[in-house]
Amino acid sequence: MLVLVTGATGFVGGAVLARCAAESTIQVRGAYRRAARVVPSNVEPVLVGDLQEATDWGRALNGIDVVVHTAARVHVMRDSVADPLAEFRRVNVAGTLNLARQAAAAGVRRIVFMSSIKVNGECTAPGKPFTADDVPAPCEPYGQSKLEAEQGLRLVARETGMEVVIIRPVLVYGPGVKANFLSMMSWVRQGIPLPLGAIDNRRSFVGLDNLTDLVLTCLRHPAATNQTFLVSDADDMSTAVLLRRMATAMGRQSRLVRVPAPLLRMAMRMIGKADMAQRLCESLQVDIGKTQRMLDWTPPVGVEDALAETARWFLRSPSSLHGSTTLG
């Protein structure tokens with residue numbers, strides 16, 4: 001099987017590329033925006049430039065059986081463009097559908113699309129996790145663009161017969177993680193007292209190894225055809241529990257102060273951190289029952305092991321010495 005991985009230098013795309021390259025039954029080609037300094041010896045690199053509506057994928061798609069599409073304009077906390085939705089649509093929708101149409105024309109059998117749980121929404125009610133078949137309810141431009149890309153891919157599938165598999169991950173962590181998860185690790189490493197000890201929410205997470213394992217399952221599993229799957233570690237926890245388990249993995253002592261959640265939300269809103277308060281205090285759970293049943297799949301790596309691997313990377317990484325210590 002010859003597999004093309006887009007976003008080959010990204011956090012998820014790089015991990016998928018490495019995992020495919022380690023499989024004896026898979027030949028892998030990586031699509032790069034610009035010349036990469038380091039490429040695994042058994043990966044064929046192809047320079048394609050930016051993900052755009054006019055990108056020429058001809059050389060990259062030659063002979064390909066399956067495309068794993070992880071390239072995207074990612075969610076950013078403080079977007080500086082005048083019209084974020086238009087920019088997300090330009091890359092994540094038009095760029096993705098251009099790739100899909102060229103893939104179908106080139107005889108690609110299947111495309112595995114890395115979407116986002118933000119297609120479902122931003123938070124869940126207690127005891128009511130998102131499911132793969134819920135009516136989508138994105139709340140911001142990134143999630144909206146991923147939904148529109150999903151809808152366009154399904155249309156391409158109906159028109160051409162190319163199979164589409166959609167994966168919506170929750171927050172992904174592992175070696176190389178950035179953004180909020182990296183900030184939390186920095187807080188724990190520095191022993192900063194955090195007012196999160198009373199937070200009793202429930203959130204789903206997915207380790208990078210578990211996500212890449214599901215991607216490999218979706219490359220060839222017949223039951224994955226034209227389906228949408230949610231993915232997590234199947235071990236939901238509160239923000240407070242996550243921080244305690246993170247501290248254990250790093251050999252540190254967690255320093256959590258019990259501040260009532262309503263008071264914390266109010267204080268963070270007053271300082272302009274309402275979005276951060278939502279991520280720290282609200283629940284976001286997913287039900288991966290469909291994924292497990294249809295694909296006979298179970299997350300192979302437990303949370304403790306996944307956190308331990310992430311902690312080892314963090315503690316030996318230069319970035320851990322100057323990670324963000326702000327709350328947003």
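Positions are given from 1 along the sequence.
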Under 4.0 Å between a side-chain nitrogen and a carboxylate oxygen: does that hold for [X] and [Y]?
X    : Y    : value
R19  : D213 : yes
R245 : D235 : yes
R202 : D236 : no
E309 : R312 : no
K146 : E150 : no

Return yes if some donor-acceptor pair links the side-chain N/O of [X] with the main-chain N/O of [Y] below 3.5 Å, else return no.
X    : Y    : value
S116 : V119 : no
S145 : R89  : no
N210 : D233 : no
T96  : V93  : no
R29  : A60  : yes
N226 : V164 : yes
T239 : C281 : no
T310 : A306 : yes
N42  : Q27  : no
T291 : L230 : yes

Between [X] and [Y], a side-chain donor and acceptor under 3.5 Å:
X    : Y    : value
N120 : R168 : yes
N98  : E53  : no
K118 : Q144 : no
N180 : S183 : no

Does V91 reach the side chain of Q52, with side-chain heavy atoms less than 4.5 Å apart?
no

Would you say that T6 contacts L51 through its side chain, given a criterion of any heavy-atom pair below 4.5 Å between the two side chains?
no

Residue pairs meeting side-chain hydrogen bond (donor to acceptor under 3.5 Å, both in side chains), one or both in residues 248-269, sequence neighbours left out, come to R265-E282

Do any pairs count as a side-chain hydrogen bond (donor to acceptor under 3.5 Å, both in side chains) and have a residue in residues 55-67, sequence neighbours left out, and if so which ones?
none

Identified salt bridge (charged side-chain N to carboxylate O under 4.0 Å, His left out) counterpart of E163 within the set R158, R220, R110
R110

Could you go through the side chain to side chain donor-acceptor pair (under 3.5 Å) check for Q285 and K128 one step at a time?
CA-CA 8 Å; Q285 292 180 274; K128 295 183 178 180; over 6 Å; no

Under the 6.0 Å and 45° cation-pi test, does K178 pair with F11?
no

